[in-house]
Protein chains: 2
Amino acid sequence: MPVSKKEISPCPLDAALSIVDGRWKGTILWRLSQQPMRTSELRRSIPGITERMLIRHLQDLVRDGIIERIEELATPTRVRYQLTAYGLTLAPHLEALCAWGRIHLERTKPVNQK
Amino acid sequence: MPVSKKEISPCPLDAALSIVDGRWKGTILWRLSQQPMRTSELRRSIPGITERMLIRHLQDLVRDGIIERIEELATPTRVRYQLTAYGLTLAPHLEALCAWGRIHLERTKPVNQK
DNA sequence: CAGAATCCCCAATGATACTG
DNA sequence: CAGTATCATTGGGGATTCTG
């Protein structure tokens, strides 16, 4: 039986990583950890993402309790996404990784000196 | 042209996440951050992983400079893998995530009370 | 024992059109 | 604007076999 991706390893690191597992989740969380954003703002700020994946990932993150969906009252539907209190407990670790990633990018950059 | 997975987003968080992106990389790094291990030890300690993916992921991590491959002198080939100095700079962040993951698992556990 | 080489499937992602 | 519904594609990764 095909085991769903993260079930056979009770490794807590995998549990955490599964939250950000998805082509665009890292980027999305990166933005939202800076400030709450509306759906269209997110889409525009993430070049290349499709509407489908944006919504899908946002729903995943909502389901996991990391972000929350706020409907603003307006005639054209307006929705804002922002980190939850729980999401805020994860954010610092992602920021740390982010800082490491910056160094990693510099370290890697010279390679693509084509 | 199909953009290779992590190129279009210069998001440093994604850069860091790409390192641990792979079905078993989290688990592998988790073990190796505890202690250096031989290939067969790793395989035995990670139930479910196939030889193919173990080797593949190990090679990825070596290429990324996170771990290093040490050939021990012995008649039956013996290889040991361990974190590099660079990998050691990443380890603390993974451990932090790991700690968060433990909490997350507890938080999630009640759901699977089948 | 460590690793390479094939074959192949399916879930994740993309593209696109549609709804309230 | 936010979200849904389909269909097509792809590459990650599982199963298996082979080599030194």
Side-chain angles (χ1 to χ4, degrees), chain A residues 1-9 11 14 17-28 31-32 36-64 67-82, chain B residues 1-9 11 14 17-28 31-32 36-64 67-82:
Chain A
M1 83 207 69
V3 186
S4 86
K5 182 158 188 184
K6 298 296 179 180
E7 279 174 18
I8 64 181
S9 51
C11 166
D14 277 344
L17 289 178
S18 73
I19 298 292
V20 288
D21 182 32
R23 175 67 180 85
W24 306 92
K25 290 224 189 109
T27 308
I28 291 175
R31 313 282 168 146
L32 290 184
M37 292 181 80
R38 297 207 1 249
T39 314
S40 53
E41 286 178 324
L42 274 170
R43 176 154 28 83
R44 266 177 278 121
S45 73
I46 305 179
I49 195 172
T50 62
E51 185 114 7
R52 185 181 189 281
M53 293 316 296
L54 211 214
I55 301 296
R56 191 183 230 295
H57 283 158
L58 286 173
Q59 290 170 339
D60 285 350
L61 293 169
V62 167
R63 184 177 328 118
D64 290 331
I67 67 176
E68 58 191 341
R69 199 192 104 114
I70 312 285
E71 283 206 24
E72 299 177 349
L73 300 111
T75 332
T77 324
R78 270 166 167 259
V79 174
R80 176 169 37 101
Y81 287 94
Q82 61 186 31
Chain B
M1 82 204 70
V3 186
S4 84
K5 183 159 186 182
K6 299 295 180 181
E7 279 175 15
I8 65 180
S9 50
C11 167
D14 276 345
L17 289 177
S18 73
I19 296 292
V20 289
D21 182 31
R23 174 68 179 84
W24 307 92
K25 292 231 188 101
T27 308
I28 291 174
R31 313 282 168 145
L32 290 184
M37 293 181 82
R38 297 205 5 247
T39 315
S40 53
E41 286 178 323
L42 275 170
R43 176 152 29 83
R44 266 177 279 122
S45 74
I46 305 179
I49 195 172
T50 62
E51 186 112 9
R52 184 184 190 278
M53 293 317 296
L54 211 214
I55 301 296
R56 190 186 231 292
H57 282 157
L58 287 172
Q59 290 170 338
D60 285 351
L61 293 169
V62 166
R63 183 177 330 116
D64 290 332
I67 68 176
E68 57 192 341
R69 199 191 104 115
I70 311 285
E71 283 205 24
E72 298 177 350
L73 300 111
T75 332
T77 323
R78 272 166 165 258
V79 174
R80 176 170 37 99
Y81 287 93
Q82 61 186 30

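Letters go in sequence order (proteins before strands), and every chain restarts at 1.
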Q. Salt bridge (Lys or Arg N to Asp or Glu O under 4.0 Å) with B/D64: which residues, sequence neighbours excluded?
A. none
[X] [atom1] to [N] [atom2], straight-line distance once rounded to whole Å:
X	N	atom1	atom2	answer
B/I46	D/dG14	CD1	P	12 Å
B/I70	C/dA2	CD1	C1'	15 Å
B/R56	D/dG14	CZ	C1'	12 Å
A/I55	C/dT19	CD1	P	18 Å
A/D60	C/dA12	CG	P	9 Å
B/R23	D/dG14	CZ	C1'	11 Å
A/I28	C/dT13	CD1	P	10 Å
A/Y81	D/dA2	OH	P	8 Å

Give a yes/no on whether any side-chain N or O of [X] is located under 4.0 angstrom from OP1 or OP2 of [N].
X	N	result
B/T39	C/dA2	yes
A/H57	C/dT13	yes
A/T77	C/dG20	no

Q. Would you call B/V20 and B/L61 a side-chain contact if the rule is heavy atoms closer than 4.5 Å?
A. no
Kindly list each side-chain donor-acceptor pair under 3.5 angstrom involving residues 49-56 of chain A, sequence neighbours excluded, with atom names and distances?
| from | atom 1 | to | atom 2 | distance (Å) |
| --- | --- | --- | --- | --- |
| A/T50 | OG1 | A/M53 | N | 3.3 |
| A/E51 | OE1 | A/R43 | NE | 3.3 |

Nearest to the side chain of [X] - [options]?
X	options	answer
A/T50	D/dC1, D/dG14, C/dA15	C/dA15
A/R38	C/dA2, D/dA2, D/dG14	D/dA2
A/W24	D/dA2, C/dT13, C/dA2	C/dT13

Give every pair of a protein N or O atom and an N or O atom of nucleotides 6-8 of chain C that lie under 3.5 Å apart, one pair per line with the distance.
| from | atom 1 | to | atom 2 | distance (Å) |
| --- | --- | --- | --- | --- |
| C/dT6 | O4 | B/R52 | NE | 2.9 |

Q.
Which heavy atom of A/L58 sits nearest to which heavy atom of A/Y81, and what is that distance?
A. CD1-CE1, 3.5 Å
Non-neighbouring partners of [X] that pass side chain to side chain contact (heavy atoms under 4.5 Å, CB included), sequence neighbours left out:
X	value
B/R38	B/S40, B/E41, B/E72, B/R78
B/Q82	B/P36, B/E68, B/I70, B/R80
B/R31	B/T27, B/M37, B/L42, B/S45, B/I46

Q) With a 4.0 Å cut-off on heavy atoms, is A/Q59 in touch with a base, just the backbone sugar-phosphate, or nothing at all? A) sugar-phosphate
